Amino acid sequence: MIKSNYNIIALMSGTSLDGIDIIKVNFSLIDKWMFNISDAKTVKYPKEWKIRLSQLVALNSDELKEIDLEYSSYLALVISNFIDEHNLQAIDFIASHGHTALHQPERGLTYQIGNNQILADQLNQKVICDFRVQDVKFGGQGAPLVPIGDQLLFSEFEYCLNLGGFANVSYRLNDVRIAFDICPVNIVLNYYVSKINLEYDDKGELASNGKINESLLAELNQLQFYIEEPPKSLGLEWVDINVIPLIDSFKLQIKDVLRTFIEHIAIQISKILNLKNSKVLVTGGGVYNEFLMHRIKYYSHSKIIIPDNEIVEFKEALIFGLLGVLKERNEVNCLRSVTGANRDHSSGKILMPKNQL
Ligand SMILES: Nc1ncnc2c1ncn2[C@@H]1O[C@H](COP(=O)(O)OP(=O)(O)OP(=O)(O)O)[C@@H](O)[C@H]1O
Ligand SMILES: CC(=O)N[C@H]1[C@@H]2OC[C@@H](O2)[C@@H](O)[C@@H]1O[C@H](C)C(=O)O
């Protein structure tokens, strides 16, 4: 009989580069999937890794392969420390997203580093990973992948909104799950505050003291991406080409850039959350940007619900864990309605440690 209870470790490294989210979680299937997170931690990147990961786009394929190996080995160390710290035993497998190095689905390309065989070998554990590649091979965007988890674990909410490096949303429309990236969020805010040596704009304080530049706001709101129909996704490359040069051309003070960009985010999000009185589950580090949340609430007619910190911070890791479980069961974990692939499919690579092959 197929198992219905899984003890796993799940990991996610998001675009904001704040660190590696790692959790120990139990999934059990009763009438629906239930979960229980027993341990959770964000392992901050050492400065050196943060710099290296922020420069991946510039690397050639040999350099990428080399850093992939090193990063896989680094992840193995992070996981093994987590196992020791929490004295974890009887783990069924590790589900890991890795870190996105390249994402150009229109060229058939997406590359997450950290999914190398040495991860399984070094840990001597089964690893399920590399969830995006097959979707791109099937003509999909390879992202977002979290919506299947929104559907299976958080179906009581009309919308699931995540405010990470980018804002993404998922919701049901005529019994089909729709999801897409809305606009950049922390990836842009963090970039500008890094110029004054801050990691992020705590609570949105700086932004709240800035002034909106109406011309920049109008130009941001007119970017072509916003009128495209889903499925659609954003990557760092898009921000580097379309957003940063535009903002820089205005030569504004940082607080005014932040203020204008926050208004832009709130406007773009409000265009999506247009179902009156709906419940919106909001997660991701952007939740802690109080000024951003204030502007989102100002424009929105929905009920904004912020869950406890564990879900705010670890929902993506949780769902990549679920993707691993679904792959293990050979069940669908990528929805064509979301990614635009030519079929629903069970995506991911299973790495067995060498000595268990
Ligand atoms: N107190 C705070 N005030 C303002 N912003 C905050 C605060 N705490 C966290 N953030 C923002 O949240 C970011 C981290 O968010 P999160 O971990 O959800 O992103 P991510 O997982 O890397 O992104 P993605 O989901 O797009 O891959 C930080 O880099 C910062 O910009
Ligand atoms: C290619 C890639 O890594 N995309 C990430 C990124 O970060 C946010 C947004 O862009 C989303 O599309 C996706 O991650 C989430 C977790 C997802 O796949 O659902």
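Both counts, for ligands and for their atoms, begin at 1 and track the order of listing. Along the sequence shown, residues are numbered consecutively beginning with 1. Being a predicted model, the structure only gives us computed values, none of them experimental. Below, each value reflects all heavy atoms present in this structure, side chains not excepted, and no hydrogens, waters or symmetry copies.
The N/O atoms of D21, backbone and side chain alike, include none that comes under 3.5 Å of an N/O atom in ligand 1. Of the polar atoms of V146, at least one N or O is found under 3.5 Å from an N or O of ligand 2, judged by distance alone. Of the N or O atoms in G204, none lie within a sub-3.5 Å distance of an N or O in ligand 1. Among the atoms of D181, some N or O lies under 3.5 angstrom from an N or O of ligand 2. For ligand 2, the polar-atom distance check against N168 finds no nitrogen or oxygen pair separated by under 3.5 Å.
The shortest contact between atom 16 (P) of ligand 1 and any protein heavy atom is with G285 N, 3.6 Å. With respect to atom 3 (N) of ligand 1, the closest heavy atom belonging to the protein is K203 N, 2.8 Å. With hydrogens left out, the protein atom closest to atom 3 (O) of ligand 2 is T100 OG1, 2.5 Å, a heavy atom. The shortest contact between atom 13 (C) of ligand 1 and any protein heavy atom is with N186 ND2, 3.6 Å. When hydrogens are left out, the protein atom nearest atom 19 (O) of ligand 1 is S16 OG, 3.1 Å; that is the closest non-hydrogen contact. Nearest protein heavy-atom neighbour of atom 27 (O) of ligand 1: T15 N, 2.9 Å. Scanning the protein heavy atoms around atom 4 (C) of ligand 1, the nearest turns out to be D201 O, 3.1 Å. Annotation: atom 6 (C) of ligand 2 to nearest protein heavy atom, T15 CG2, 3.9 Å. Scanning the protein for heavy atoms near atom 17 (C) of ligand 2, the closest one is L145 N, 3.3 Å. For atom 31 (O) of ligand 1, the closest heavy atom belonging to the protein is N190 OD1, 2.7 Å. Atom 14 (C) of ligand 1 has D18 OD2, 3.5 Å as its closest protein atom, hydrogens excluded (heavy atom only).
Using a 4.0 Å cut-off between a side-chain N of Lys or Arg and a carboxylate O of Asp or Glu, D150 and K315 qualify as a salt bridge. Looking at K203 and E205, no side-chain N of the basic residue comes within less than 4.0 Å of a carboxylate O on the acidic one, giving no salt bridge. With salt bridges taken as basic N to acidic carboxylate O contacts below 4.0 Å, none links R172 and E158.
Near A143, with a cut-off below 4.0 Å to any heavy atom, the atoms of ligand 2 are 12 (O). Taking a cut-off of under 4.0 Å to the non-hydrogen atoms of F166, the atoms of ligand 2 that pass are 10 (O). Listed by number with element, the atoms of ligand 2 under 4.0 Å from a non-hydrogen atom of H103 are 1 (C).
Here the side chain of D181 pairs a donor or acceptor atom with the backbone of L234 at under 3.5 angstrom.
Checked against the 6.0 Å centroid criterion, the rings of F27 and Y6 do not qualify as a close aromatic pair.
Neither the backbone nor the side chain of E199 comes within 4.0 Å of ligand 1, counting heavy atoms alone. The residue S233 has no part lying near ligand 2, judged by heavy-atom distances below 4.0 Å.
The salt bridge (Lys or Arg N to Asp or Glu O under 4.0 Å) test with R52 singles out one residue from E70, E66, E63, and that residue is E70.
Judged by the 6.0 Å and 45° rule, R343 forms a cation-pi pair with F138.
At least one heavy atom of R132 sits less than 4.0 Å from an atom of ligand 2.
The closest non-hydrogen atom to atom 1 (N) of ligand 1, taken over T283, I187, D202, comes from D202. Comparing heavy-atom distances from atom 5 (N) of ligand 1 across Y191, F166, Y200, F314 singles out Y200 as nearest. Comparing P144, G14, G19, G165 against atom 23 (O) of ligand 1, the shortest heavy-atom distance belongs to G165.
A chain of hydrophobic side-chain contacts below 4.5 Å, direct or via other Ile, Leu, Val, Met, Phe, Trp or Tyr residues, connects L29 to V25. A chain of hydrophobic side-chain contacts below 4.5 Å, direct or via other Ile, Leu, Val, Met, Phe, Trp or Tyr residues, connects I272 to W238.
Here the closest non-hydrogen pair linking W33 and S4 is CZ3-O, 4.4 Å. Between C160 and F154 the shortest heavy-atom distance is SG-CB, 4.1 Å.
Annotation for K3: atom NZ counts as buried by contact number, over 12 foreign heavy atoms lying within 6.0 Å.
For the residue pair Y298 / S270, no side-chain donor-acceptor distance below 3.5 Å is found, with atom types taken as modelled. A donor-acceptor contact closer than 3.5 angstrom is absent between the side chains of S347 and Q134.
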